[in-house]
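Whatever order the structure lists them in is the order used to number ligands and atoms, beginning at 1.
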Amino acid sequence: MTLFYGTALTSRLMLGTAQYPSPEILSDAVRRAGAGVVTVSLRREAAGSRAGEAFWNLIRELDVPVLPNTAGCHTVREAVTTAQMAREVFGTDWIKLEVIGESDTLQPDMFALVEAARILVEDGFRVFPYMTEDLVGAERLLRAGCEVLMPWGAPIGSGKGLNNLFGLRALRAHFPDVPMVVDAGIGVPSHAAQAMELGYDAVLINTAVAKAGNPAEMARAFALAVEAGRMAYVADPMEERDMAVPSTPVIGQAVL
Ligand SMILES: CC(=O)[C@@H](O)[C@H](O)COP(=O)(O)O
């Protein structure tokens, strides 16, 4: 069983809550996904506004563990302040830490990420850092006190899937005991299955569900893919071969 800061989730599918056509569709999607966690951006709605309050109420009613995030933050200071506000609003010390370093790709700033993670861990947070697949950065984040890592699959909202298979495989192999979640860029259920087949412990998806023609059905499709991918990983898949090997052994000659 994978534990995320001591907590076993009911599902390995984590769902973002932004960009849905309506609050009802968001609720349906979360339910059909059977999501283990929902992530929420404090900056999505002005905290304290009426729309913001209605949104927080909806999230609470979903009765799914909440992972607040610092989406949209570009500096250590912004991310730390946003995390501290999120802790007040949601009453959790979990934080998905995003510090964006580049606007075209929304690539995480690994230097600022490590610094912000250190500050937040010292302040009692349990940090889920959104990172590139960089091995050195991963090592620094673990040293800063992170016990979960969240490498990107591809740029946020791109739907491109797993852009750097080699990097993701290497990261998984280097830190076999660290719970890891592929976050961002997943576009279709087969991408999610692929991440799980690589041995990742969970995936986090937002845009691909929210922007689907039928978000609730897509959420369900992702849930099935995550389960299938995990089962396949646990079942120990065969190794790829360069040459053909007959799957039906041929003994002797056919008697005609
Ligand atoms: C909601 C959230 O946390 C996003 O920043 C996350 O990284 C998801 O990315 P996609 O929208 O590409 O699934």
Handout entry: Parallel, tilted or perpendicular: ring planes of W94 versus Y5, cut at 30 and 60 degrees
Key =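 Tilted.
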Practice task
Quick one, list the residues around ligand 1 where some non-hydrogen atom comes in under 4.0 Å, by chain and residue number.
Solution key: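 Ligand 1 is contacted, at a heavy-atom distance under 4.0 Å, by T39, N69, K96, E98, I156, G157, D183, A184, G185, L204, I205, N206, T207.
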Practice task
Answer yes or no: is there a donor N or O on one side and an acceptor on the other, between the side chain of N206 and the main chain of A18, under 3.5 Å?
Solution key: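 It does hold such a pair.
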Handout entry: T70 side chain vs E98 backbone, donor-acceptor pair below 3.5 Å
Key =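 Such a contact is found between T70 side chain and E98 backbone.
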Handout entry: For E115, side-chain contact (heavy atoms from CB on, under 4.5 Å) partners two or more places apart
Key =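 For E115 the side-chain contact (heavy atoms from CB on, under 4.5 Å) partners, ignoring immediate neighbours, are V76.
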Problem - Co-membership, hydrophobic cluster, residues L120 and V99, 4.5 Å side-chain - result: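 Linked within one cluster.
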Problem - Euclidean distance, W56 CH2 relative to L58 CG, rounded to 0.5 Å - result: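 If I round to the nearest 0.5 Å, the distance is 11.0 Å.
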